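Index from 1, following the sequence. Small disclaimer: the values here were computed from a predicted structure and weren't measured. Scope of the values below: all heavy atoms of this structure, side chains included, with no hydrogens, waters or symmetry mates.
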Amino acid sequence: MWAVQPSASLDAWLYEADPVEGCDGCARAIRRLAEAEEAGDQTGRYEASREVRAHPHHLGEPSRVRAR
């Protein structure tokens, strides 16, 4: 079973990052994400986004998808 909503593209989900406000770990990852986006570094984007999604503050919470 897919962990991604059928209406969302896989690429959008892979690069999605919804940081927890006030979390230093999320803030660092978001800065790396912005740097990777600016540099065109797809691997860096994925790694930074993955770190935000896997951060301990996110564990046990449902995946957050922003309204587009």
Run the side-chain hydrogen bond (donor to acceptor under 3.5 Å, both in side chains) test against E35 and tell me which residues pass, sequence neighbours left out.
none

How would you list, by chain and number, every residue that makes a side-chain hydrogen bond (donor to acceptor under 3.5 Å, both in side chains) with R28, sequence neighbours excluded?
none

If I compare all heavy atoms of V52 with all of C26, which pair ends up nearest, and what's the gap?
CG2-O, 4.2 Å

Between the CZ atom in R32 and the OG atom in S49, the distance rounded to the nearest 0.5 Å is 10.5 Å

Spacing of C23 atom SG and I30 atom CD1 [to the nearest 0.5 Å]:
10.0 Å

If I take atom CD from residue E51 and atom OH from residue Y46, how far apart are they, to the nearest 0.5 angstrom?
11.5 Å

Using salt bridge (charged side-chain N to carboxylate O under 4.0 Å, His left out) as the criterion, list what pairs up with R50, not counting sequence neighbours.
E47

